[in-house]
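Note sheet for the following structure.
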2 protein chains.
Amino acid sequence: MTEHRLLRRSTLEDVAREAGVSLATADRVVHRRDGVREKTIRRVEAAIAKLGYRPNAAAASLSRNKTWRFAFMLPANSNAFIANLAEQVERTSDWLTGQNGFIDVMRVDVFDPVTLAKALWDLPAVYEGVAVVALDDARVRAAMDDLVARGVHVVTLVSDAPGSRRANYVGIDNPAAGRTAGSLMGRFLRGQKGFVGIITGSLSLRDHAERHFGFRQVLSAEYPDLVGLPPAEGRDDSARNHEIARALLAQHPDLVGIYNAGAGNEGIAAALREAGAGRDIVWIAHELTGDTRRLLLEGTIAAIINQDPGHEARSAARILLALCTGQLIYPDQERIRIEIFLRDNLN
Amino acid sequence: MTEHRLLRRSTLEDVAREAGVSLATADRVVHRRDGVREKTIRRVEAAIAKLGYRPNAAAASLSRNKTWRFAFMLPANSNAFIANLAEQVERTSDWLTGQNGFIDVMRVDVFDPVTLAKALWDLPAVYEGVAVVALDDARVRAAMDDLVARGVHVVTLVSDAPGSRRANYVGIDNPAAGRTAGSLMGRFLRGQKGFVGIITGSLSLRDHAERHFGFRQVLSAEYPDLVGLPPAEGRDDSARNHEIARALLAQHPDLVGIYNAGAGNEGIAAALREAGAGRDIVWIAHELTGDTRRLLLEGTIAAIINQDPGHEARSAARILLALCTGQLIYPDQERIRIEIFLRDNLN
DNA sequence: CTGTTAGCGCTTTCAC
DNA sequence: GTGAAAGCGCTAACAG
């Protein structure tokens with residue numbers, strides 16, 4: 001019925017006494033440092049097992065009295081999602097302070113591989129960890145690999161560079177996000193025939209390209225009555241997207257859906273407003289922001305696919321810290337979900 | 001471009017020196033303990049502000065050298081969701097150990113108010129916190145309030161008792177979850193007319209009743225072509241749900257959807273199998289488990305509304321710990337999301 | 001290869 | 001009202 005636990009945790013001192021060695025030797029074994037006889041190691045390990053010893057993280061952190069410095073490289077050109085992300089990094093920074101960690105935020109033009117690679121090369125040597133909104137480019141990968149070679153822990157954030165030596169990717173599975181959008185589109189347009197407009201920021205951005213791929217895959221495989229139009233590139237810009245959406249509506253009287261894999265949703269909203277209530281379009285967008293939230297509540301957007309920037313920021317910081325201190329990483333806790341928001345489950 | 005931060009955090013010792021008082025007095029001010037002259041308080045507070053002092057949580061935890069004991073009261077009759085929850089509490093317990101916290105798990109028949117109230121009354125006085133899968137009943141609320149009066153921190157988990165004095169509810173907004181299911185049902189059945197079967201475990205369970213309420217609300221307000229049938233109570237039991245679903249299918253040739261607000265989905269799957277491929281039913285269920293995951297991948301279940309038991313367990317533990325130590329709670333991080341899973345965004 | 005020891009920042013007890 | 005000092009569990013520098 002009830003399962004009880006020990007009350008006093010055994011300490012390293014207990015382990016040392018049990019094994020008949022000193023504190024320092026016990027510590028060496030715990031940290032797998034060498035310079036300990038095989039036989040002694042076994043004695044200590046037996047004591048650890050017997051006493052169920054678990055290190056006291058607070059004490060370790062206190063005595064180490066080391067601070068960690070992390071650089072977060074975020075895109076300079078800020079849309080609403082990036083602004084949210086930056087704010088969440090700021091909050092995470094507050095939390096990290098309590099763990100002796102410090103975050104410096106840098107804003108870089110991540111869309112230019114040369115600039116981004118240079119920023120990585122030029123990174124002051126004071127950082128033990130870097131979280132970067134990456135770009136999947138050979139020069140960028142090389143710069144990241146160089147940091148790793150210098151002993152800096154690197155994680156990619158939101159956008160990955162799979163061929164690199166980064167320790168972790170903190171972000172969603174973008175092909176799956178596209179498929180999710182495709183399935184919602186297909187379901188919501190059940191029984192209808194027509195064209196679906198597809199807008200991306202740029203197909204040279206890995207995440208946008210992957211979303212487009214996943215979306216189209218589901219549409220063509222499972223909803224043959226819905227035809228995905230060739231993707232338009234709006235550079236995440238509202239004005240461009242306004243033009244694109246206006247043209248889609250004008251050129252395709254039988255347009256039944258729009259999927260925007262990128263940002264710049266206000267322009268699409270404007271085009272739909274101009275088209276009037278006569279056009280009943282199922283619109284699926286990404287990222288919950290002030291604008292998209294309002295459009296979702298109004299019923300203009302049918303569903304939003306979201307990644308939680310708060311979770312991403314905290315996760316990146318936790319992982320960097322764990323990499324530095326050798327703590328365990330809990331993959332479950334760090335997996336970034338593909339969230340679906342309808343009007344009804346907004347927070 | 002780059003924003004830098006201080007490297008050495010100022011300590012309480014720095015604050016004391018700056019204010020011209022002793023460590024002990026500075027500590028008294030930080031913790032708002034009395035026995036300090038008003039003027040001294042102001043001096044110390046000025047020093048804190050000037051130095052940007054933030055307490056070092058690790059040092060505090062170490063010096064306090066106190067362990068916390070929490071009781072988690074989980075339902076005795078275990079369905080797959082509760083089994084997941086129990087497993088996640090176990091994992092959380094591992095993590096808590098590192099924070100000097102210990103969890104005792106108790107399995108109680110939470111469906112019987114008298115038993116649950118008695119279990120709360122009889123709780124040994126060793127616990128400084130309790131997380132309980134509650135039941136919204138006067139006796140249970142009274143027992144919880146009594147614990148609170150004795151200085152025990154109480155949070156409700158998964159199922160709330162709003163009238164009580166519990167500090168927090170860790171779980172989803174169930175009316176909103178029901179509305180979410182209703183909107184998905186309406187969207188997925190766009191353009192169709194017919195009946196929708198509704199199954200709950202029991203309408204006397206607050207969460208099930210609330211989900212039913214939200215679901216029906218959306219259906220009747222926005223999808224008048226879909227008529228929700230009176231709710232059947234299957235007690236979260238597969239065999240009963242099998243009967244219920246079989247009867248629904250037999251009695252309503254124009255049944256187009258099924259919403260199960262509770263557990264016991266295998267029975268529904270069996271009834272649908274028997275009915276054969278001729279019946280195309282949109283089925284929406286709750287909680288991602290081995291069974292429902294498989295049914296979702298197969299296409300039998302159209303969507304799953306989920307609450308993350310891992311998040312719930314960790315959140316309950318973090319909140320209890322924060323209540324005990326006076327640390328800040330970050331509401332954003334603790335909000336339990338109403339998650340929507342389609343085949344495409346599974347994990 | 002192993003042991004001794006100072007000290008991390010804070011809490012708490014006791015003394016004045 | 002205020003201060004001095006011991007000590008939490010661990011790490012790291014140094015000694016042997």
Side-chain angles (χ1 to χ4, degrees), chain A residues 6-45 47-48 51-68 97-102 324-327, chain B residues 6-45 47-48 51-68 97-102 324-327:
Chain A
L6 19 48
L7 264 196
R8 192 178 96 80
R9 292 165 61 188
S10 41
T11 71
L12 195 55
E13 176 114 41
D14 299 333
V15 171
R17 194 178 321 108
E18 174 77 25
V21 300
S22 77
L23 206 51
T25 298
D27 188 63
R28 288 181 186 106
V29 174
V30 167
H31 293 291
R32 287 158 168 49
R33 269 178 256 131
D34 41 33
V36 184
R37 268 210 324 260
E38 191 55 42
K39 200 162 56 174
T40 316
I41 294 182
R42 275 200 300 276
R43 276 226 309 286
V44 174
E45 276 172 347
I48 289 173
L51 301 179
Y53 169 75
R54 307 258 269 105
N56 180 328
S61 145
L62 180 61
S63 79
R64 233 188 303 257
N65 194 28
K66 168 132 184 54
T67 56
W68 310 102
T97 303
Q99 324 288 312
N100 271 328
F102 299 92
C324 287
T325 62
Q327 284 168 59
Chain B
L6 20 46
L7 265 194
R8 194 179 93 83
R9 294 165 61 185
S10 42
T11 71
L12 195 53
E13 178 113 41
D14 299 332
V15 170
R17 196 179 320 107
E18 172 77 24
V21 300
S22 76
L23 206 53
T25 298
D27 188 64
R28 287 180 186 108
V29 174
V30 167
H31 293 290
R32 287 159 168 48
R33 271 179 252 125
D34 41 32
V36 185
R37 269 209 323 260
E38 190 56 42
K39 201 163 49 174
T40 316
I41 294 181
R42 275 198 300 275
R43 276 224 309 285
V44 174
E45 277 173 347
I48 288 173
L51 301 179
Y53 169 75
R54 308 256 271 104
N56 179 326
S61 145
L62 179 61
S63 79
R64 233 188 303 257
N65 193 26
K66 170 134 182 54
T67 56
W68 309 102
T97 304
Q99 322 288 312
N100 269 327
F102 299 93
C324 286
T325 61
Q327 284 169 59

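Convention: sequence-line order gives letters A, B, ...; per-chain numbering from 1.
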Mind checking the [atom1]-[atom2] spacing from [X] to [Y]? Nearest 0.5 Å is all I need.
| X | Y | atom1 | atom2 | result |
| --- | --- | --- | --- | --- |
| B:Asp14 | B:Ile48 | CG | CD1 | 12.0 Å |
| A:Cys324 | A:Arg64 | SG | CZ | 10.0 Å |
| A:Ser22 | A:Arg17 | OG | CZ | 13.0 Å |
| A:Tyr53 | A:Leu12 | OH | CG | 4.5 Å |
| B:Arg43 | B:Arg37 | CZ | CZ | 7.5 Å |
| A:Thr40 | A:Arg28 | OG1 | CZ | 10.5 Å |

Report task. Look at all strands and tell whether A:Ala24 reaches a base, only sugar-phosphate, or nothing, counting heavy atoms closer than 4.0 Å. Result ->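 Base contact - A:Ala24 has a heavy atom under 4.0 Å of at least one base atom.
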Query raised in the report: Which is true for A:Asn56 with a 4.0 Å heavy-atom rule: it touches a base, it touches only sugar-phosphate, or it touches nothing?
Result: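 The residue A:Asn56 makes sugar-phosphate contact but no base contact.
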Query raised in the report: How do B:Arg37 and A:Ser63 order along DNA chain D: which one's closest nucleotide is nearer the 5' end?
Result: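 Result of the comparison: B:Arg37.
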Query raised in the report: Quick one: on DNA chain D, does B:Leu62 or B:Val21 contact a more 5' nucleotide (nearest heavy atom)?
Result: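 Comparing both residues, the 5'-ward one is B:Val21.
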Distance, rounded to the nearest Å, where [X] contributes [atom1] and [N] contributes [atom2]:
| X | N | atom1 | atom2 | result |
| --- | --- | --- | --- | --- |
| B:Leu12 | C:dG9 | CG | P | 11 Å |
| B:Arg17 | D:dA4 | CZ | P | 13 Å |
| B:Arg9 | C:dG9 | CZ | P | 9 Å |
| A:Leu23 | D:dT11 | CG | P | 9 Å |
| B:Asn100 | C:dT11 | CG | C1' | 14 Å |
| A:Glu13 | C:dT4 | CD | P | 11 Å |
| A:Glu38 | C:dT2 | CD | P | 11 Å |
| A:Arg64 | D:dG9 | CZ | C1' | 12 Å |

Requested in this report: For the helix from C:dC1-D:dG16 to C:dC16-D:dG1, measure the angle between the helix axis at one end and the axis at the other, each built from five pairs, rounding to 10°.
Outcome: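 End axes: 40° apart.
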Quick one: is [X] getting a side-chain N or O under 4.0 Å of the [N] phosphate, OP1 or OP2?
| X | N | value |
| --- | --- | --- |
| B:Ser22 | D:dG3 | yes |
| A:Thr40 | C:dT2 | yes |
| B:Asn65 | D:dG7 | no |

Query raised in the report: When only distance counts, do a donor and an acceptor, one from the side chain of B:Arg33 and one from the base of D:dG1, lie under 3.5 Å apart?
Result: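 No, no donor-acceptor pair under 3.5 Å.
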Requested in this report: Kindly indicate whether the side chain of B:Arg28 and the base of D:dG3 share any N or O donor-acceptor pair separated by less than 3.5 Å?
Outcome: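 A donor-acceptor contact between them is present.
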Requested in this report: Verify side chain to side chain contact (heavy atoms under 4.5 Å, CB included) between B:Asn56 and B:Thr11, making sure each step is shown before the conclusion.
Outcome: CA-CA 8 Å; B:Asn56 179 326; B:Thr11 71; over 6 Å; no
Query raised in the report: Between B:Asp27 and B:Arg33, does at least one N-O distance fall below 4.0 Å, as a salt bridge requires?
Result: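 Yes, B:Asp27 and B:Arg33 are salt-bridged.
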Report task. Nearest-nucleotide wise, let me know which of B:Tyr53 and A:Gly20 is further upstream toward the 5' end of DNA chain C. Result ->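 Nearest-nucleotide comparison on DNA chain C picks A:Gly20.
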